[in-house]
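In what follows, a single structure is set out as structure tokens and then discussed.
Below, all heavy atoms of this structure are taken into account, side chains as well, without hydrogens, waters or symmetry copies.
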Amino acid sequence: NAGVTQTPKFQVLKTGQSMTLQCAQDMNHEYMSWYRQDPGMGLRLIHYSVGAGITDQGEVPNGYNVSRSTTEDFPLRLLSAAPSQTSVYFCASSYVFTASTDTQYFGPGTRLTVL
Amino acid sequence: AQTVTQSQPEMSVQEAETVTLSCTYDTSENNYYLFWYKQPPSRQMILVIRQEAYKQQNATENRFSVNFQKAAKSFSLKISDSQLGDTAMYFCAFMIGATNKLIFGTGTLLAVQP
């Protein structure tokens, strides 16, 4: 199993550009989510999905879109990048939490800089 | 709203010694889970230990143990016999019931000195 993969690892954008951060998992997890990590603020939930075709907003959804057309993929779209979106982005996946032993698996992260 | 507070931005410990990282949380829920994640310089998020709120017994995983004080809403992490590989950012996290949504603290940067 490759686990949770994210591409790209690094990206530099100019203000106003658009891009898609890719996230894929091969563990047949129903639940997938996106977090952003900013210095001094920990990780904050952007969007999440409990299955194909179902998405919802997290704590900081503004400026981001998501869709979930397959179980495996959960891309995060920035339609018009802003400097405030400079951050490290993590994708995570897990089974819908049914047991205390369930674990969320995190991808390696994407460092995004918006100039 | 639920919040997680880590009041120690940075800590340092000598190799082989014991260190305790603090975490407090605020919630009115009864059914929740608490976690400690480790983030080494590689940036990978690694689950260290978890605690179910309904369990009174403190969780342990090898050199890592927690002190869970439910009434005080405190969830500290104790690392025994610290090793150089323990150098990392440590995040305390909280999850209500089976929501899968994690709420993170701001992290504690731990440096293990040789």
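- Looking at Thr99(B), its side chain does come within 3.5 Å of a backbone N or O of Lys101(B) through a donor-acceptor pair.
- Between Cys23(B) and Trp36(B), the closest side-chain pair of non-hydrogen atoms falls below 4.5 Å.
- No hydrogens or angles considered: a donor-acceptor pair under 3.5 Å links the side chains of Ser94(A) and Asn100(B).
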Apply the test side-chain contact (heavy atoms from CB on, under 4.5 Å) to residues Tyr90(B) and Gln8(B): give CA-CA distance (whole Å), side-chain angles for both, the deciding distance (0.1 Å), then the verdict. CA-CA 10 Å; Tyr90(B) 287 82; Gln8(B) 305 152 315; over 6 Å; no
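- Nearest heavy-atom pair across Ser33(A) and Gln104(A) is OG-OE1, 4.0 Å.
- No more than 12 heavy atoms of other residues, nucleotides or ligands lie within 6.0 Å of NZ in Lys78(B), so this atom counts as exposed by the packing criterion.
- At a heavy-atom cut-off of under 4.5 Å, chain B is reached by Lys9(A), Phe10(A), Tyr31(A) from residues 9-32 of chain A, listed in order of number.
- With hydrogens and angles disregarded, a donor-acceptor distance shorter than 3.5 Å links the side chain of Gln6(A) to the backbone of Cys91(A).
- In this structure, no portion of Met89(B) lies under 4.5 Å from any heavy atom of chain A.
- Pro75(A) and Ser67(A) get closest at one heavy-atom pair: CD-O, 3.5 Å.
- Two residues are said to be in side-chain contact when any heavy atoms from C-beta on lie closer than 4.5 Å; Phe94(B) and Lys73(B) fail this criterion.
- Nearest heavy-atom pair, Phe75(B) versus Cys92(B), reported as atom, atom and distance to 0.1 Å: CD2-SG, 3.9 Å.
- Neither the backbone nor the side chain of Ile103(B) comes within contact range of chain A, judged by heavy atoms closer than 4.5 Å.
- Among the residues in residues 38-47 of chain B, those with a non-hydrogen atom closer than 4.5 angstrom to a non-hydrogen atom of chain A are Gln39(B), Arg43(B), Gln44(B), Met45(B), Leu47(B).
- Between Asn58(B) and Thr60(B), the closest side-chain pair of non-hydrogen atoms is not below 4.5 Å.
- For a heavy-atom cut-off of 4.5 Å, chain B lies close to Tyr35(A), Gln37(A), Gly40(A), Met41(A), Gly42(A), Leu43(A), Leu45(A), Tyr48(A) in residues 35-62 of chain A.
- Nearest heavy atoms, Arg68(A) versus Asp73(A): CD-O, 3.4 Å.
- Here the closest heavy-atom approach between residue Met11(B) and residue Val19(B) is recorded as CE-CG2, 3.8 Å.
- Taking every heavy atom of both residues into account, Asp86(B) and Asp81(B) meet most closely at OD2-O, 4.5 Å.
- A single hydrophobic cluster is seen to contain both Phe68(B) and Phe64(B), as judged by linkage of ILVMFWY side chains at heavy-atom distances under 4.5 Å, directly or through other members.
- Inspection of non-hydrogen atoms places Phe106(A), Gly107(A), Pro108(A), Gly109(A), Thr110(A), Arg111(A) of residues 105-115 of chain A under 4.5 Å from chain B.
- Both Ile49(B) and Ile79(B) are members of a single hydrophobic cluster when ILVMFWY side chains are connected at heavy-atom separations under 4.5 Å.
- Under the 4.5 Å side-chain heavy-atom criterion for Ile, Leu, Val, Met, Phe, Trp and Tyr, Tyr32(B) and Phe35(B) are members of distinct hydrophobic clusters.
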